[in-house]
*Asks:* 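Provided herewith is a single structure, encoded as structure tokens, for subsequent inquiry.
Just so it is clear: chains get the letters A, B, ... in the order the sequence lines come, proteins before strands, and each one is counted from 1.
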There are 2 protein chains.
Amino acid sequence: MPHAYQILLPERVLTVNAAFECLQDTAVVLEDNRIHALIDREEIGQLECYPQAQIVELPHAVLMPGLVNAHTHASMSLFRGIADDLPLMEWLGEHIWPAEARWVDSTFVADGLELSVCEMIRSGTTCFNDMYFFPDVAAATSQQLGMRSVVGLIVLDFPTIWAGDADEYLHKALAVHDEIREYPLVTSAFAPHAPYTVSDEPLRQLAMYSSELDIPVHMHVHETAHEVAEAQQKTGMRPLERLDQLNLLNPGLVAVHMTELDDFEIERIAEAGVSVAHCPESNLKLASGTCPVGALQERGVNVCLGTDGAASNNDLDLFGEMRTAALLAKAAAGDARVCDARQAIEMATINGARALGLADRIGSIEVGKLADLVAIDLSAPNTQPVYDPVAQLVYALNSRQVRDVWIDGVRQLDNFEFCRLDPAAIATRAQSWAARIGSEA
Amino acid sequence: MPHAYQILLPERVLTVNAAFECLQDTAVVLEDNRIHALIDREEIGQLECYPQAQIVELPHAVLMPGLVNAHTHASMSLFRGIADDLPLMEWLGEHIWPAEARWVDSTFVADGLELSVCEMIRSGTTCFNDMYFFPDVAAATSQQLGMRSVVGLIVLDFPTIWAGDADEYLHKALAVHDEIREYPLVTSAFAPHAPYTVSDEPLRQLAMYSSELDIPVHMHVHETAHEVAEAQQKTGMRPLERLDQLNLLNPGLVAVHMTELDDFEIERIAEAGVSVAHCPESNLKLASGTCPVGALQERGVNVCLGTDGAASNNDLDLFGEMRTAALLAKAAAGDARVCDARQAIEMATINGARALGLADRIGSIEVGKLADLVAIDLSAPNTQPVYDPVAQLVYALNSRQVRDVWIDGVRQLDNFEFCRLDPAAIATRAQSWAARIGSEA
């Protein structure tokens with residue numbers, strides 16, 4: 001089959017390459033699902049190079065890499081707003097876990113994931129790192145929708161609808177890992193829920209599989225001071241120390257939340273190459289604590305960004321999360337220079353790709369990478385005038401200014417309109433779930 | 001002239017009345033610029049009551065009071081993104097103040113204000129409390145655009161383009177106060193910049209005028225720990241104590257920022273009836289400190305919300321500010337119950353109206369009040385499904401879901417389109433300012 005070419009003509013290209021170049025008068029040429037070339041806009045007159053190329057004019061737009069949501073529970077969007085203004089353990093124990101036990105099945109996972117993918121694409125996210133029940137369904141649904149994802153091979157000590165005990169979780173994890181090889185948009189990560197819900201033996205086993213099979217590990221770690229104190233009381237150790245003993249502190253680990261970290265621990269995770277998935281809005285909303293982003297960045301830790309699930313955020317808007325992360329990092333450090341606009345963009349793009357083991361494929365606009373791209377219209381009053389497009393993207397943008405989205409070279413949003421998803425039909429399905437769930441709440 | 005009627009038919013009416021009622025199957029009838037009646041939707045068949053009424057269907061929409069931005073410097077939107085990631089005093093002293101001295105004139109104020117009004121209407125704000133040079137121009141421009149505002153009668157010790165000394169500031173303040181009586185949408189407040197830029201004598205005089213003429217006072221107070229410490233060193237007093245001695249602590253004062261407050265001060269401002277204008281995003285971005293919102297609310301202080309200027313936020317999106325305020329208040333108090341969704345909505349509506357002395361006219365949907373209203377479409381994926389519309393408005397909404405806006409009964413936004421403003425022309429004017437300002441930066 002002949003190659004298909006698209007030539008994108010934005011006003012600016014924010015590459016998020018190592019030099020963080022922002023290019024003007026540059027055309028981005030896609031060949032099938034890959035970034036084929038960045039060329040001077042003037043050279044595109046020589047169209048014979050790219051037979052039947054589709055020319056895409058993107059006036060007033062910044063083209064940048066699609067955002068990577070490094071931690072979410074996508075299907076939980078069906079529980080959005082079911083319980084708010086409550087602390088973590090009360091929210092989980094009295095609302096979320098009972099609702100999950102009552103309602104979650106494979107259809108719930110597919111319908112909730114579709115709602116979330118629709119919201120994520122609309123707001124510029126092109127890849128998400130998921131942790132939820134039925135990762136097989138999540139993988140199939142994500143692939144079918146054309147969305148890139150890393151599904152979570154969940155592991156828990158206690159029985160749920162997905163598995164009965166740790167052995168069964170691990171067995172199913174490996175089965176799903178094999179099964180999804182057929183989906184080009186989907187990879188997987190082990191997803192042991194948290195140190196306080198998974199015991200040593202399954203963690204030891206999955207650390208071994210992770211290393212042998214090169215599968216990342218995605219885990220909630222040090223979400224609250226309470227978690228750390230309770231672990232110290234029960235085990236005599238802080239959870240990170242226990243994970244270290246279990247050989248989990250390495251570049252394959254995506255440690256989510258990390259609100260409680262002492263200097264020694266920051267040093268240790270920097271040395272071990274652990275990635276931190278920071279979820280500022282969820283941490284604020286549940287009053288869980290504050291991740292020391294400035295100190296982590298200073299030590300060279302790879303900090304990426306997640307929204308967490310829509311039941312504790314309550315949206316999946318990674319542009320909003322980026323802004324909250326930059327603002328909160330300054331306040332937490334007491335220094336307005338901390339987490340500048342460039343660092344915020346990197347957290348939401350290349351750092352997320354790196355955490356998920358995908359930095360060779362996505363996270364920046366560089367020749368050879370996959371075409372996961374978003375075009376953003378800066379002509380709206382809230383991003384005018386433009387002195388510095390990077391500052392506008394972080395500090396002033398509304399995510400509805402995302403005008404176009406490509407995932408794996410396929411257009412998902414075209415001048416603010418969905419190309420493949422039907423948001424009205426998706427909302428109707430969500431409403432029918434809410435009618436049932438709400439009637440018993 | 002016969003009365004003009006509009007009958008609005010939303011899915012829900014969030015009244016923000018004292019009982020915080022959220023009504024379904026309710027029609028809101030406007031007579032000219034006022035809310036005339038809330039009636040059962042079924043009764044609107046009896047149209048003879050309202051001859052030639054315009055029927056406005058608002059499917060999937062929540063109708064709520066327009067938002068009140070209790071602190072901004074509207075015209076500074078022309079400096080949006082000129083300098084970021086810097087602490088307050090460096091940002092002011094090395095970037096903002098020099099830029100103001102170089103560029104601000106009456107045309108700058110008009111053009112910047114128009115850009116900001118466009119952004120504010122688009123994101124659901126129907127009234128703003130301004131503090132900037134040329135309040136006469138701000139008043140005329142705001143009236144002409146159809147936007148409700150409170151212009152700031154600025155007072156400083158040192159000369160600027162607006163006045164040469166404190167006497168001239170006060171003289172011009174009273175002149176502008178008189179002059180704007182002809183503008184039905186505009187009132188005014190004294191706007192002494194801050195305790196550290198205005199000395200005792202002018203403060204004493206404006207306190208007297210404020211009391212005699214019933215003019216509110218709008219002032220930055222305790223923005224940073226540095227400000228408080230420096231004042232203690234220079235005067236032996238914390239700024240609030242000084243303002244108390246100058247008879248400024250009373251229900252007419254809108255104290256902006258208030259990040260540094262001890263228990264005694266919280267008690268004192270509660271007792272005095274001072275309103276606090278909380279600007280969470282500006283405080284975070286400049287690492288200025290954190291206003292103790294939970295403690296203030298617990299003591300019954302009227303806390304309202306401001307965006308501050310677009311040079312330190314960098315947007316004027318009060319829905320976003322509401323969300324940040326609710327999230328930050330929980331984290332600051334270490335309690336997820338603090339500043340719940342209802343309190344966040346009240347901060348951005350009725351509390352702002354109360355602070356500005358306008359609570360008898362705006363801030364809630366009640367018969368007899370002026371028709372400053374916004375309709376919000378909850379059908380987008382990020383606000384689906386809807387278990388609790390109030391939680392969706394605060395925790396999941398994107399301000400682009402504001403679909404209609406009325407100010408003083410006049411439609412400003414109709415199904416997402418501007419009725420009176422021309423955003424493209426406004427952006428073009430902003431760009432021409434940026435071309436000049438940026439070329440010298």
*Asks:* With no hydrogens and no angle check, just 3.5 Å: does a side-chain donor-acceptor pair link B/Ser123 and A/Asn382?
*Replies:*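 Checked: B/Ser123/A/Asn382 side chains show no N/O donor-acceptor pair below 3.5 Å.
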*Asks:* Give, as side chain, backbone, both or neither, the part of B/Asn283 having an atom under 4.5 angstrom from any heavy atom of chain A.
*Replies:*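 Neither part.
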*Asks:* Please report the interatomic distance CZ(A/Arg337) to CG(B/Leu86), rounded to the nearest 0.5 Å.
*Replies:*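 Result: 7.0 Å between the selected atoms.
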*Asks:* Atom OG in B/Ser379, atom CD in A/Gln431: separation rounded to 0.5 Å?
*Replies:*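 Separation between the atoms: 8.5 Å.
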*Asks:* Distance alone, cut at 3.5 Å: any donor-acceptor contact between the side chains of A/Tyr387 and B/Asp84?
*Replies:*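 No, no side-chain donor-acceptor pair sits under 3.5 Å.
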*Asks:* Only pairs of heavy atoms separated by less than 4.5 Å count here; which of B/Leu327, B/Leu316, B/Asn313 has the most with chain A?
*Replies:*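 Top count of heavy-atom pairs under 4.5 Å with chain A: B/Leu327.
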*Asks:* Find the one option among B/Ala430, B/Ala331, B/Ala333, B/Ala434 whose heavy-atom pairs under 4.5 Å with chain A are most numerous.
*Replies:*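 Of the candidates given, the most pairs with chain A belong to B/Ala434.
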*Asks:* Strictly by modelled atom types, are A/Asn398 and B/Asn398 linked by a side-chain donor-acceptor pair under 3.5 Å?
*Replies:*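 On atom types as modelled, these side chains qualify, holding a pair under 3.5 Å.
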*Asks:* For each of A/Asp317, A/Val394, A/Asp85, tally heavy-atom pairs with chain B at distances under 4.5 Å, and name the one with the top tally.
*Replies:*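 Top option by heavy-atom pairs under 4.5 Å: A/Asp85.
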*Asks:* Tell me, out of B/Thr290, B/Thr324, B/Asp388, B/Asp340, who's got the most heavy-atom pairs with chain A below 4.5 Å.
*Replies:*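 Max contact count across the listed options: B/Asp340.
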*Asks:* Counting only heavy atoms from other residues, nucleotides and ligands, does the tally under 6.0 Å from CD of A/Glu90 exceed 12?
*Replies:*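 Counting other residues, nucleotides and ligands, CD of A/Glu90 exceeds 12 neighbours.
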*Asks:* Checking heavy atoms, do the side chain of B/Leu286, its backbone, both or neither come under 4.5 Å from chain A?
*Replies:*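 Only the backbone of B/Leu286 comes within 4.5 Å of chain A.
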*Asks:* Let me know if B/Ala341 has heavy atoms under 4.5 Å from chain A in its side chain, its backbone, both or neither.
*Replies:*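 Contact with chain A is through both the backbone and side chain of B/Ala341.
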*Asks:* What part of B/Glu281 gets closer than 4.5 Å to chain A, counting heavy atoms only: side chain, backbone, both or neither?
*Replies:*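 Both parts, backbone and side chain.
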*Asks:* Please check if the side chain of B/Arg80 supplies one atom and the backbone of A/Gln384 the other of a donor-acceptor pair under 3.5 Å.
*Replies:*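 Between the backbone of A/Gln384 and the side chain of B/Arg80 there is a qualifying donor-acceptor contact (under 3.5 Å).
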*Asks:* Do you know which two heavy atoms are closest between B/Ala287 and A/Ala336, and how far apart they sit?
*Replies:*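 For B/Ala287 and A/Ala336, the tightest heavy-atom pair comes out as CB-N, 3.6 Å.
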*Asks:* Which answer fits B/Ser399, side chain, backbone, both or neither, if we ask what part of it has an atom under 4.5 Å from a heavy atom of chain A?
*Replies:*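 Looking at B/Ser399, backbone and side chain both touch chain A.
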*Asks:* Using 0.5 Å steps for rounding, measure from the CG atom of B/Leu328 to the NZ atom of A/Lys285.
*Replies:*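 Reported value, rounded in 0.5 Å steps: 15.0 Å.
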*Asks:* Between the side chains of A/Asn314 and B/Arg323, does any donor sit under 3.5 Å from an acceptor?
*Replies:*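 Their side chains do not contain a donor-acceptor pair, so the 3.5 Å distance test is not met.
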*Asks:* Ignoring hydrogens, what is the shortest heavy-atom contact between A/Leu78 and B/Pro385? Give both atom names and the distance.
*Replies:*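 What the structure gives for the nearest pair is O-CG, 3.8 Å.
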*Asks:* Would you mind checking which part of B/Ser77 comes under 4.5 Å of any heavy atom in chain A, side chain (CB onward), backbone (N, CA, C, O), both or neither?
*Replies:*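 Backbone only.
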*Asks:* What residue in B/Ala391, B/Cys118, B/Ala396 has the most heavy-atom pairs under 4.5 Å with chain A?
*Replies:*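 Heavy-atom pairs under 4.5 Å are most numerous for B/Ala396.
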